[in-house]
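Notes follow the structure.
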Amino acid sequence: MIAFIVKRLLHGIPMIFGVVVIVFLLLRLTPNDPIQTIVGPYPVSESVRQSLEAEYGLDGSLLTQFIRFITQAAQGNLGYSPAYQTDVTSLILSRLPATLQIISIGFILGTTVGILVGAFMALSRRRTLASGMNLGFLVVYSIPLFWVGQLLVLIFSVVLGWLPTQGSGPIVGSDTAAGRFVESLPYMVLPIMVYALHEGARAGRMSRATVLEVATQPYIATAQMKGLGASTIVRRHVMRNAILPVVTSAGYNLGIAIAGSVLVETVFAWPGVGLLLIQSINSGDNQVVTGITLFIGCSVVALNMIVDILYAILDPRTRISRGGAR
Amino acid sequence: MSAGSVIGSNVRLALSNNGSVARFLRSKQGLFGVGTLLVLVLVSLAAPWISPFSGYDTSSPELLPPSSEHLMGTDDIGRDVLSVMLYGTGRTVFAGLISVLIAFCIGCTVGALAGYFGGWVEAVLMRVTELFQTLPALVLALFIVAIYGSNTVVLILVISLAIWPLEARIVYGQVLLYRSRPFVDAAITTGYRPFTVIVREILPNAMPPVMVQLSLDGGLALLYQVALNFLGFGSAKDPSWGQLMNVGQSYLSTAWWISIFPGVATSIAIVGFSLIGDAINRATSPYDHKPNIFRKQRR
Amino acid sequence: MSPDTTEHEYVLKVRDLTVDIRLGSSESRVVDGVSIEVHAGETVGLVGESGSGKSMFARTVVRLPPPNLEMRTNGAIEVAGYDIYELGVAELMKSRRAGTVGLIFQDPVASLNPTMRVGEQVREALQSSTAAQFTVEGLLERVGLHPAVSRRYPHELSGGQRQRIVIAIALAGNPRLLIADEATTALDPQVQRAIVDLLEDLKNDNNAGLLMISHDLEMIAQTCSRIYVMHNGQIVETNRAKELFESPEHWYTKKLIGASQRLAFGVGEG
């Protein structure tokens with residue numbers, strides 16, 4: 001087990017390194033002026049240019065530049081944003097909670113409901129209903145994430161007027177953090193629903209497949225021979241074996257959802273990291289863009305590594321046998 | 001029999017689909033998917049002739065809801081939405097297909113080399129593949145757009161970058177599978193060069209899963225195209241579905257038609273691609289029938 | 001062709017069983033007019049090649065259709081006096097919990113839940129069984145396992161150990177009938193011997209009937225007192241073991257015997 005974890009870490013760390021390499025290379029390979037790329041569409045005076053060149057080591061070789069780049073990033077220095085007048089790292093960290101809020105709630109909601117509905121689709125006796133639902137899930141999953149958002153806005157905000165269209169809270173809001181949180185709740189509903197629907201559709205389809213596979217295993221017949229009721233069998237035997245793959249794949253999809261945040265947050269003007277990325281690209285604030293890319297890239301690689309390790313820990317089949325034969 | 005004809009007959013055997021094409025054409029999903037794709041291609045080619053206005057024509061009154069004159073309404077700068085959709089089909093769909101082609105070339109090469117040669121070649125190439133696959137595609141794409149500017153060519157290349165690992169994985173798996181089969185060994189011992197062996201022996205057999213992945217990739221490329229245009233990147237002046245959705249975002253409460261139609265079209269197109277992939281999958285592998293298990297038996 | 005039956009009670013009486021299964025749009029008959037009897041204390045063998053219908057027969061007897069097929073049955077099946085197909089769902093559950101029949105499948109790996117400790121799986125059988133008088137440790141010892149094994153997961157055990165767990169589960173309700181469907185096929189030869197001996201012991205302890213289903217004629221010959229030969233869903237011949245081997249009547253029986261390696265040794269008295 002420990003051996004596996006170490007192996008996985010050894011595998012993952014070069015990956016993180018690779019992310020930095022790719023970002024760096026893309027940054028430096030542009031035919032544009034590197035100083036301008038760093039600074040963005042702001043004028044650069046000669047003295048500023050020289051100090052920047054020294055700071056970023058642009059006078060050195062590509063390798064020394066890279067070393068500087070990675071050591072700075074490792075220390076948490078991702079540069080400075082002229083637009084926000086603050087350093088990139090704190091900027092990202094200040095916007096991160098908003099993104100994580102809606103993604104995590106949406107994911108948990110979607111995966112849970114998806115697993116249950118998927119199991120229902122697999123075990124139900126109403127064949128036509130089940131295959132209709134399966135097709136429905138496919139359609140929902142195929143709809144682009146941002147259009148799901150726009151549709152939800154159209155239905156629930158424009159037509160029904162139940163929920164606000166955009167933003168994370170009223171313009172003039174309460175003074176207390178708790179008050180602001182409460183006020184933001186209605187604004188959270190739709191963005192959360194977007195993630196929940198998308199992830200739920202995916203989890204539902206996968207859950208249906210794994211439950212079907214588990215249900216045809218001989219150990220289910222063994223359980224039936226014990227005279228156990230159908231619900232007991234489903235709970236203790238079917239689901240126990242079917243859930244793990246679905247949940248871990250949700251973990252992997254979390255990384256993809258983080259990328260999707262650029263889309264969802266644009267639709268809802270939700271002030272998270274995704275929206276920050278778009279805004280920074282539009283304003284040419286390239287250090288923020290680079291910083292976010294590095295941050296998200298490395299986080300997702302690290303996340304995948306963690307999910308791999310968790311999966312190994314949770315699946316009894318990969319546990320070290322305590323002196324078991326063969 | 002000369003070695004050439006033995007080996008050649010393997011290729012013919014692999015390509016003689018043993019009924020797969022017929023099965024594919026019989027499935028509702030396959031036909032719907034292919035039909036969708038055909039419609040898209042035809043529309044993109046025929047747009048200038050079938051479209052009521054030009055996709056660049058801004059002379060109509062702005063923000064009109066759908067009517068008999070403007071079936072899909074007009075947008076904020078006076079373009080007929082239907083026309084923009086028709087003109088934009090080509091840009092959206094063909095750009096996506098080119099991305100898939102490029103991704104296939106890269107992925108196929110990487111996967112085949114990794115699977116065939118093994119050793120450190122395999123280790124390095126597959127690590128790189130995994131790296132690109134784990135990196136969130138959209139974020140990488142946006143980063144590149146930020147640095148290199150946002151025009152059609154950049155978009156196409158960037159989307160290829162997002163997709164190629166998927167192709168590489170499939171080809172790699174298939175090459176591994178067939179690498180040890182007797183007929184490949186025969187080809188190698190006969191002295192055929194690796195390139196010939198891969199292309200003439202292995203690839204024809206690997207086609208089905210690769211084709212499934214290609215169709216899924218088509219849908220993915222389309223999705224990324226529309227997404228990037230929605231976010232405001234890609235050429236803003238030229239008509240495309242994503243660009244319409246970008247405009248529609250600001251007018252959600254007042255002009256719903258600008259967002260709805262491109263959204264529907266994109267969703268249908270993506271479903272079409274998925275169904276093609278699904279149908280190819282089912283047509284080329286044994287049919288598996290699985291009713292439920294808890295049905296109680298009564299005599 | 002029928003053997004002379006003893007006066008012992010029946011634990012399994014099957015008369016003219018036919019089973020049709022539907023796959024896609026075609027139907028086929030996999031069990032055709034089969035009649036089989038097993039008495040208390042007997043070891044009866046059912047021999048045939050793969051695809052002869054013997055596994056389908058086993059599943060039909062316990063009313064457990066294979067998960068991905070539709071099944072239709074006709075004929076009479078009595079287990080320890082009950083016609084099991086006359087039971088409603090609730091009664092079927094009750095009869096299962098009574099543990100009258102113990103079923104042992106071929107593949108011990110897939111017969112056990114991989115994410116549950118084996119002791120827990122045995123306890124589950126005991127808890128739902130209305131006839132049980134054992135503890136988990138007692139059962140494990142009875143099948144020849146050390147009680148400490150109960151904390152292991154199936155993948156941590158050897159093939160033979162896993163099969164013993166499956167037998168323990170089958171034993172939980174003091175069964176009157178044990179059905180072993182290719183129970184030893186996946187095991188090493190010495191382990192096979194041990195498992196067969198175990199089954200014999202348990203059968204004698206319980207005064208139960210043991211139906212051994214296999215394609216391995218050798219093993220059947222060594223353990224069973226009466227043998228049924230199955231081919232294409234039909235019983236083509238049945239006799240006491242000794243008579244079957246010394247004077248086989250049906251061509252298929254002869255073919256099976258001929259194809260089997262060593263047969264000069266003693267046939268079982270079961």
Side-chain angles (χ1 to χ4, degrees), chain A residues 11 14-15 18-19 22-23 26-27 30-32 37 122-125 127 130 138-139 141-147 150-151 153-154 157-159 165-166 212 215-216 220 224 230 233-234 255-256 258-260 262-263 266-267 277-278 280-282 284 286 289-290 292-293 296-297 300-301 304, chain B residues 29 127-128 130-150 161-162 219 222-224 226-228 230-233 242 245-246 248-249 252-254 256 259-260 262-264 266-275 278 288 290-296:
Chain A
H11 183 94
M15 292 277 158
V19 172
I22 291 180
V23 171
L26 285 172
L27 214 41
T30 160
N32 306 330
T37 309
L123 300 172
S124 163
R125 283 178 229 176
R127 305 279 341 280
L138 172 65
V139 171
Y141 186 61
S142 306
I143 300 181
L145 205 58
F146 51 98
W147 199 51
Q150 287 184 329
L151 275 179
V153 170
L154 279 173
S157 292
V158 178
V159 173
T165 8
Q166 290 192 332
L212 267 181
T216 55
I220 300 296
Q224 285 175 304
I233 294 183
V234 169
I256 303 182
I258 294 177
V262 298
L263 298 168
T266 304
V267 172
L277 181 60
I278 302 295
S280 304
I281 297 179
N282 285 327
N286 284 338
V289 175
T290 312
I292 295 182
T293 307
I296 292 185
V300 172
V301 171
N304 279 11
Chain B
Q29 291 99 321
R127 291 285 173 91
V128 171
E130 188 183 338
L131 183 60
F132 273 92
Q133 193 170 358
T134 320
L135 271 182
L138 213 48
V139 172
L140 185 64
L142 288 172
F143 176 67
I144 294 179
V145 161
I147 311 279
Y148 290 83
S150 105
L161 260 188
L222 189 82
L223 177 62
Y224 283 132
V226 178
L228 285 170
F230 162 74
L231 289 171
F233 308 107
M245 297 185 77
N246 174 302
Q249 175 60 33
L252 272 182
S253 19
T254 48
W256 54 267
S259 325
I260 287 282
V264 171
T266 313
S267 308
I268 294 182
I270 295 180
V271 171
F273 277 108
S274 308
L275 288 180
D278 237 9
D288 218 302
K290 278 189 158 96
N292 75 83
I293 60 155
F294 287 111
R295 189 175 299 148
K296 306 288 182 234

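Quick caveat, the model's predicted, so the values are computed rather than measured.
Among all heavy-atom pairs drawn from Leu26(A) and Tyr148(B), the shortest one is O-OH, 2.8 Å. Between Thr266(B) and Pro144(A), the shortest heavy-atom contact is CG2-CG, 3.7 Å.
Proximity of Phe146(A) to Leu231(B): side-chain heavy atoms (C-beta onward) are nowhere separated by under 4.5 Å. Contact of the Tyr141(A) side chain with the Ile270(B) side chain is not registered, since no non-hydrogen atoms from C-beta on lie closer than 4.5 Å.
With hydrogens and angles ignored, the 3.5 Å screen pairs a side-chain donor or acceptor of Trp147(A) with a backbone N or O of Ser259(B).
Here Gly263(B) is the residue among Gly263(B), Ala269(B), Ser267(B) with the most heavy-atom pairs under 4.5 Å with chain A. Among Ile256(A), Val262(A), Val153(A), the residue making the largest number of heavy-atom pairs under 4.5 Å with chain B is Val262(A). Among the candidates Leu277(A), Asn282(A), Thr266(A), Ile292(A), the residue making the largest number of heavy-atom pairs closer than 4.5 Å to chain B is Thr266(A). For the set Leu140(B), Leu142(B), Val226(B), Thr254(B), the entry with the most heavy-atom pairs within less than 4.5 Å of chain A is Leu142(B).
Within the 4.5 angstrom heavy-atom criterion, no atom of Leu145(A) approaches chain B. Only the side chain of Leu135(B) comes within contact range of chain A, with at least one heavy atom under 4.5 Å from a heavy atom of that chain. Only the side chain of Ser274(B) comes within less than 4.5 Å of a heavy atom in chain A; its backbone stays farther off. For Val159(A), no part lies near chain B; criterion is any non-hydrogen pair under 4.5 Å. For Ile144(B), the part sitting under 4.5 Å from any heavy atom of chain A is the side chain, from C-beta outward, and nothing else. Contacts between Ser280(A) and chain B at a heavy-atom distance below 4.5 Å are absent for every atom of the residue. For chain B, no part of Ile258(A) is nearby; none of its heavy atoms comes within less than 4.5 Å. Heavy atoms of Leu263(A) lying under 4.5 Å from chain B belong to its backbone as well as its side chain.
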Would Leu138(A) and Leu275(B) count as a side chain to side chain contact (heavy atoms under 4.5 Å, CB included) here? Give the steps.
CA-CA 10 Å; Leu138(A) 172 65; Leu275(B) 288 180; 4.0 Å; yes

Give the intermediate values and the outcome of side chain to side chain contact (heavy atoms under 4.5 Å, CB included) for residues Phe143(B) and Ile281(A).
CA-CA 8 Å; Phe143(B) 176 67; Ile281(A) 297 179; over 6 Å; no

